[in-house]
Amino acid sequence: MSLLQQLQDQILIADGAMGTMLYSYGIDQSFEQLNITHPDQVQQVHEAYIHAGATVIQTNTYGANYIKLARYGLEEQVKKINQKAVQIAKQARQKGVYVLGSIGGIHGVQALNETKEEIKRSFREQLYCLLLEGIDGLILETYYNLDELTMVLEIAREETEIPIIANVSMHVPGVLENGTPLAEALQQLESLGADLVGVNCRFGPSQIITSLQSVPLPKNAFLAAYPNASLPAYRDGVLYYKNEPAYFKQCAGQLREQGVRLLGGCCGTTPDHIKALAEGLKDTDPITEKVVEIPQRERVIVKRKRKEKSLAELAKERHTIIVELDAPKHLDMTEYYQGIRALKKAGIDAVTLADNSLATPRICNVAVATIIKEQGIRPLVHLSCRDRNLIGLQSHLMGLDILGIHEILAITGDPTKIGSFPGATSVFDVNSFKLIELIKRGNKGMSFSGDSLREHTSFTVGAAFNPNVNNVKKSVARLERKIASGADYIMTQPVYSKEKIIALKQATSHIETPIFIGIMPLTSTKNAEFLHHEVPGIKLTDEVRSRMKAAEGNREQSTKESIAISKELLDTAFEHFHGIYLITPFMRYDMIVELVNYIHQKTNAMRAQASLSSH
């Protein structure tokens, strides 16, 4: 009898966590590699679950794809590891036990550098390896990203007719991270050909039961559930799960009442948990009718539109000036406030504040942004992925929104090893691409996890761009990815070449997103050489370096030459772009004020010329 035939009138018990068991043996490495190095230990786990009552087991191949194995230098052993995994499972199984080929999700909330095509190739390679060994079905598990799951499900369904189980994972009970209700997601998977649809990982039985209460019985598929043992606890640097198998026996009946026909365990579960599930469902039949509880969705209140135009909107209409004046590295704000007042008087559109650039701590940019906002200046804060994990980023963004700070530059950030605390930890839960997407998710009223924020945030997001590269085409492709992620405008690294500005215009002529050209005055030849040789993303021309060299030792002449160079760059930038991004060196706001006045003079002259032409 086939797996699907048996599910017609029975509830089947699946196995529990493979990794949990192997970890308990003292193994802390790629669990999939053990298929080759320690096949007997993997087989023992299979046998233990079968002995506990499981009639459905899955291969030890959850992370046996090219992308995940590459983390251990095992990417060339995809075929061998998957083949061996199926062979081990078949050796362990007894009569009436089904072997499922396990393929885990690649995308989590954290960012990936792999493209969609690379994920497809990795999936296909693993899929073919499993199919060639002859399996009774496929289990696609721990997919937080619904788009990824639908993509691989469609591929798998085209390649095979064997049963496919498609399990999603959630951060919030009943809703996926993109905001899709669980019932809708499972219905979509069913329509794409999944034979079983369900939930695994992240939650223990209680929250999975709660999530399934909103899910009707599928018309052409069955429901599956693989809960964790519990929420993980942390002790002495180790994550662990509370083991209460008796609780699983109690919850087995409630999972049955939700229509589950394939029931196993995920993280933290052991053969004792599986035995408890089997005992809890002994002599029971699956339900054929179910009353669905429609959950009350949290109301999202649409905020009033922002009263002021965003920087992106301004840059589409006229020349717009952003000035970077970073918060001090100390607590004396006297000179900083003088600079802010001077810039406001000069008539800039926004002050932007770096987020501890070059991994050097400064006064919190949000604190300073709040102060200058109260003084009538629009703040634009940089938000780095380096210093905050996903929890911190989400909290930080909610705080920015309620403070009324809605302009953000999303950046990956400089690694800590180049800064003043090289031993500090770089977080990098996400990169700038993913951060932009997550910020824009807030504008739809959703948190990173897909939960309701009850209000829409109102962020306009800028993205950084480095034109100082040899292959501008490749850099522009990266820029296009940021725009696709949701970037509203672009701010470039400092440019010191008129030719580079013109080349950038040509390379981005197809892009409608406003671009702010970065220009940072030099203060001396020493400053010029340091930027050119030691600061990532900045390159000076030989002409600029020689001009600054000629003024060496003379502060007044160096300033004069630097201003002349900056004005020449501004002339070119002004002709090709509406956005101007002036970066203040060493609190020399006097130099920036002179450049701002120069821009206004050019703007007024242009308007006067346009007025004469119209008459």
Side-chain angles (χ1 to χ4, degrees), residues 17-19 22-23 27-39 41-42 57-90 99-135 137-160 162 164-169 177 189 192 194 200-201 266-267 428-431 433-434 474 477-478 481:
M18 173 64 72
L22 294 173
Y23 188 76
I27 298 167
D28 188 12
Q29 62 186 77
S30 167
F31 295 133
E32 291 78 13
Q33 185 182 17
L34 298 178
N35 297 329
I36 300 172
T37 60
H38 294 79
Q41 293 187 343
V42 177
I57 62 173
Q58 55 186 289
T59 56
N60 180 34
T61 54
Y62 169 77
N65 59 69
Y66 184 95
I67 292 172
K68 286 188 173 180
L69 289 177
R71 300 171 186 172
Y72 303 96
L74 301 170
E75 61 270 27
E76 300 304 325
Q77 299 193 53
V78 172
K79 181 178 180 180
K80 187 175 181 181
I81 288 173
N82 281 276
Q83 286 179 332
K84 188 63 177 176
V86 178
Q87 293 167 11
I88 295 170
K90 285 183 174 181
V99 173
L100 303 178
S102 170
I103 301 181
I106 294 176
H107 269 292
V109 176
Q110 293 182 321
L112 286 174
N113 292 321
E114 287 78 16
T115 65
K116 183 181 293 186
E117 290 306 313
E118 287 172 328
I119 292 173
K120 285 182 178 180
R121 284 197 298 271
S122 179
F123 173 77
R124 281 196 175 95
E125 180 183 23
Q126 185 181 8
L127 173 65
Y128 297 153
C129 292
L130 293 171
L131 292 178
L132 287 172
E133 285 300 311
I135 49 179
L138 281 170
I139 179 166
L140 310 176
E141 56 181 345
T142 320
Y143 284 80
Y144 287 95
N145 188 301
L146 182 60
D147 289 339
E148 181 188 2
L149 180 52
T150 56
M151 177 179 71
V152 299
L153 173 58
E154 287 180 311
I155 294 172
R157 190 75 287 172
E158 288 177 0
E159 296 295 334
T160 181
I162 64 174
I164 299 177
I165 303 163
N167 284 340
V168 299
S169 297
E177 69 173 20
L189 296 171
L192 292 173
N200 82 292
C201 206
C266 203
C267 300
F428 296 130
D429 273 359
V430 293
N431 57 24
F433 300 99
K434 187 68 175 182
K474 184 176 180 179
R478 183 177 174 85
R481 280 183 60 196

(Q) Set out, in order, the CA-CA distance, both residues' side-chain angles and the distance that settles side-chain contact (heavy atoms from CB on, under 4.5 Å) for Leu100 and Ile135, then state yes or no. (A) CA-CA 6 Å; Leu100 303 178; Ile135 49 179; over 6 Å; no

Item to check | Test log, rule side-chain contact (heavy atoms from CB on, under 4.5 Å), inputs Gln87 and Asn35 | outcome: CA-CA 9 Å; Gln87 293 167 11; Asn35 297 329; over 6 Å; no

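Interatomic distance, CG of Leu153 versus CD1 of Ile155, reported as 9.5 Å (0.5 Å rounding). Lys80 contributes atom NZ, which lies 13.0 Å from atom SG of Cys129 (distance to the nearest 0.5 angstrom). The line from CG of Asn82 to CG of Asn60 is 9.5 Å long, rounded to the nearest 0.5 Å. Note that the CE atom of Met151 and the OH atom of Tyr143 stand 8.5 Å from one another [nearest 0.5 Å]. Going from atom CD of Glu125 over to atom CG of Asn65 covers 8.5 Å, rounded to the nearest 0.5 Å.
Listed here is the closest heavy atom pair of Asn200 and Cys266: ND2-SG, 3.5 Å. Taking each heavy atom of Ala156 and Leu127 in turn, the nearest pair found is CA-CD2, 3.9 Å. Closest approach of Lys90 and Glu133 over heavy atoms only: NZ-O, 2.6 Å. Between Lys84 and Pro39, the closest heavy-atom pair is CE-CB, 4.0 Å. Scanning all heavy atoms of the two residues, the minimum distance from Ala89 to Thr59 falls at CB-CG2, 4.2 Å. For the residue pair Lys434 and Asn431, the shortest heavy atom distance occurs at N-OD1, 3.0 Å.
For Glu117 and Lys120, the salt-bridge test passes: some basic side-chain N is under 4.0 Å from an acidic carboxylate O.
Counting heavy atoms from C-beta on, the side chains of Tyr128 and Lys79 never come closer than 4.5 Å.
The one candidate from Ile103, Ile106, Leu140 that meets the side chain to side chain contact (heavy atoms under 4.5 Å, CB included) condition with Val152 is Leu140. A side chain to side chain contact (heavy atoms under 4.5 Å, CB included) with Val78 is found for one member of Leu69, Thr61, Ile67 and no other, namely Leu69.
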